[in-house]
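Below is one structure, written out as C-alpha cells; comments come after it.
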Amino acid sequence: MLLFRELKQEDWKKIHTYASKPEVSEYQPWGPNSEKDTQDYVQHLVHEIRQPEPQKHAWTILREADEELIGVAELNILDTYHRTGEIAYILHPDEWGRGMGTEVAKRLIRDGFQSFHLKRIQATCHPENKGSLRVLEKCGMEMEGRLRGHLKMKEGRRDSLLFSVLNDG
C-alpha cells in the first residue's frame, strides 16, 4: 500500500499540510508547525541523511495508489557498536486507523535488521497515545518500561513508554 522515497527539501509543503494540524502534534514536543518550522525540520533531515556516514535515515511515505505524500519515516542509528536503532514515523491524520502506521513501522524494523544489520530497534511513545501503542505492539515490539520526564514539552516534561524488538538472527 505504501512506497518510501528519499526526502527532498521541496517536500516541506506536503509535510506542512499535516505538521500544522494540532491533532498531529498533540503528543509531540513540537508543533503545530509554522511554515518556517516545517521548512527547518525538512532542511535538518535532508542535511542529516546526506552526511557521508549518516546516522539518521529518513524517507517520505507515499500512498502507492496515487503516490501522494502522506508522511515521513525515520530510522536513526543510536549506537553502531551495539547495533541499536530507533524508529519514528508521522502520518497525515486522514490516514490514521487504516493500518498504514503498522505497515510503516514493520518496514522500518525489517529494513533496520536486514539493510542496516541492527540487533535492537526501539521506539517511544506518549503513554496516552493509544494508536501508537497498538502500532508498536502489532509490530512485535515489547514494552520495556517508562522513561520518566523523557521529553520537554511546552507545558513541562512528559514521560514516554519505551518499546523494543530484537533480532536474534
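These numbers were taken from a predicted model, which means no experiment stands behind them.
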Write down the atom of [X], the atom of [Y], and the distance for their closest heavy-atom approach.
X: T38; Y: W12; value: CG2-O, 3.4 Å
X: L136; Y: F163; value: CD1-CD1, 3.6 Å
X: I61; Y: I90; value: CD1-O, 4.2 Å
X: L108; Y: I121; value: O-CD1, 4.4 Å
X: F116; Y: L75; value: CD1-CD2, 3.4 Å
X: K56; Y: L45; value: CD-CD2, 3.3 Å

Crowding at CD, E137 (>12 non-hydrogen neighbours, <6.0 Å):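 For E137, atom CD is crowded (more than 12 foreign heavy atoms under 6.0 Å).
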E53, CD atom: more than 12 neighbouring heavy atoms under 6.0 Å: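 Counting neighbours around CD of E53, 12 or fewer heavy atoms of other residues, nucleotides or ligands fall under 6.0 Å, so no.
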Is there a donor-acceptor contact under 3.5 Å from the side chain of [X] to the main chain of [Y]?
X: N76; Y: L78; answer: no
X: Q51; Y: H47; answer: yes
X: N33; Y: S20; answer: no
X: W30; Y: S25; answer: no
X: D40; Y: D37; answer: no

Do the side chains of [X] and [Y] join up, straight or via other hydrophobic residues, at under 4.5 Å, putting them in one cluster?
X: Y41; Y: M153; value: no
X: L69; Y: W96; value: yes
X: L133; Y: L151; value: no
X: L147; Y: V165; value: no

Calculate, to the nearest 0.5 Å, the distance between atoms [atom1] and [atom2] belonging to [X] and [Y] respectively.
X: M141; Y: Q122; atom1: CE; atom2: CD; result: 7.5 Å
X: L162; Y: E144; atom1: CG; atom2: CD; result: 4.5 Å
X: R107; Y: W59; atom1: CZ; atom2: CH2; result: 8.0 Å
X: I70; Y: M100; atom1: CD1; atom2: CE; result: 4.5 Å
X: L166; Y: R83; atom1: CG; atom2: CZ; result: 14.5 Å
X: C139; Y: I87; atom1: SG; atom2: CD1; result: 6.0 Å

Candidate pair D79 and R120, rule side-chain contact (heavy atoms from CB on, under 4.5 Å), full reasoning: CA-CA 10 Å; D79 187 321; R120 180 179 192 282; over 6 Å; no
Stepwise side-chain contact (heavy atoms from CB on, under 4.5 Å) test for R157 and H150: CA-CA 7 Å; R157 298 196 70 84; H150 179 232; over 6 Å; no
Verdict with supporting geometry, L2 and E64, side-chain contact (heavy atoms from CB on, under 4.5 Å): CA-CA 5 Å; L2 301 175; E64 187 174 43; 5.9 Å; no
N-O pairing of R5 and E67 below 4.0 Å: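 Salt bridge between R5 and E67, a charged N being under 4.0 Å from a carboxylate O: no.
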ring-ring contact (aromatic ring centres under 6.0 Å, His included) involving H126 - partner list, sequence neighbours excluded: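 If we apply the ring-ring contact (aromatic ring centres under 6.0 Å, His included) test to H126, skipping adjacent residues, the hits are Y27.
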Worked verdict on I109 versus L118 for side-chain contact (heavy atoms from CB on, under 4.5 Å): CA-CA 9 Å; I109 291 167; L118 298 175; over 6 Å; no
Mutual orientation of the aromatic rings belonging to H92 and Y18 [parallel < 30°, tilted 30-60°, perpendicular > 60°]: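 Perpendicular, since the angle between the ring planes exceeds 60°.
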R158 side chain reached by E128 side chain, heavy atoms, under 4.5 Å: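 Heavy-atom side-chain distance check fails, nothing below 4.5 Å.
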